[in-house]
Amino acid sequence: MNWENDEAASTAPVGEEAIVDPVTNPWGTTRNTGADLHTTRPERTYPEPEPVDEHGPARIVALCNQKGGVGKTTTTINLGAAIAEYGRRVLLVDFDPQGALSVGLGRLDPRELDLTVYNLLMQRDVAVEDVLLKTDIDGLDLIPSNIDLSAAEVQLVGEVAREQMLGRALRPIIDDYDVVLIDCQPSLGLLTVNALTAADGVIVPLECEFFALRGVALLMDTIQKVQERLNEDLVIDGFLGTMYDPRTLHAREVLSTIIDGFGDKVYGTVINRTVRFPDATVAGEPITRFDSSSAGANAYRDLAKEVLARWPLSGHGA
């Protein structure tokens, strides 16, 4: 098969295993299983995370990209579930007024929730324990969201230290968890700045598509300003290639551009495009439970191992 011809390549079913032609594939021969993609960088194998005897303090990570539809929520759910499989206690924070994380994880109706992250931010008599929800996944908890959170963007403007509201709200439970993942809304407004101010690190999901690259410079500028003015300890944990389709030249070129631009900050694990992710979302389950043996589930397990291995060894869920 000539892999330079995207139209011909597109006839293979998405998510099926395919052998990539080493002549035209810039990353060498690899079997597309949805797990680690072999690039021109040395391939690294990450070990199974060691069991932990104690939990906390948590490493807080914001999943951030102002472009929508790049896999932030899918990654938050499935990375969180995969990390929980390795014995870590994980808290997911839905920080998007659309409430997609809340729906995709527990089949919740956000409109029926009495208390959400909005109440946690804006009402002094609401504690984080009042908002926490247990999920069906052992070791995985949720702070939900709904459309009420959109009002917080305006209401926070008049608050003292408005950029630090989320960090203060989460502080009482940091020692109860190993990892806190914040699913940010697709914008660079005050809510996202709150998440970045509270976070130790940032994971940037990037769809392997040209338009996904266009806003990266603005995102990097926002992260730099937060580092300089609000959170000097904030670091970029990594860039994650998502919705990757190895059959198309376009996707391969975009991934190559991401690697050229960010080097070792790009995770070796790449998340392939597959219909199993939306199926799992409809079922209200992470892919690791909905289709445990699928390529997508194994990809997020590989990502969890890589993420944990890259984090500092002292505390923070490592």
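Quick caveat: nothing in here was measured; it's all calculated off a predicted structure.
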Within residues 158-167 or reaching into it, pairs that qualify as salt bridge (Lys or Arg N to Asp or Glu O under 4.0 Å) - sequence neighbours excluded
none
Taking only residues two or more places apart in sequence, or in another chain, which ones meet Glu129 in a side-chain hydrogen bond (donor to acceptor under 3.5 Å, both in side chains)?
none
Across all chains, not counting sequence neighbours, the side-chain hydrogen bond (donor to acceptor under 3.5 Å, both in side chains) partners of Glu153 are Gln185
Partners meeting ring pair (Phe, Tyr, Trp, His ring centres under 6.0 Å) with Phe95 (sequence neighbours left out):
none
Between Thr242 and Val70, is there a donor-acceptor pair closer than 3.5 Å when you use the side chain of the first and the backbone of the second?
yes
Pair up each side-chain donor or acceptor in residues 164-172 with any protein partner under 3.5 Å, not counting sequence neighbours, and list the distances.
none

Partner set under side-chain hydrogen bond (donor to acceptor under 3.5 Å, both in side chains) for Thr288, not counting sequence neighbours:
none
Not counting sequence neighbours, which residues clear salt bridge (charged side-chain N to carboxylate O under 4.0 Å, His left out) with Glu85? List them please.
Arg301
Would you list the pairs meeting salt bridge (Lys or Arg N to Asp or Glu O under 4.0 Å) in which at least one residue belongs to residues 222-243, sequence neighbours left out?
Arg59-Asp237, Asp221-Lys225
Residues at least two apart in sequence or cross-chain that pass salt bridge (charged side-chain N to carboxylate O under 4.0 Å, His left out) with Lys305, listed by chain then number, are Glu48, Asp302
Tell me, please, which residues at least two apart from Asp291 pass side-chain hydrogen bond (donor to acceptor under 3.5 Å, both in side chains).
Arg276
Does anything in residues 115-126 pair up under salt bridge (Lys or Arg N to Asp or Glu O under 4.0 Å), and if so which pairs, sequence neighbours excluded?
none
All pairs passing ring-ring contact (aromatic ring centres under 6.0 Å, His included) where residues 204-239 contributes a residue, at least two apart
Phe239-Phe262
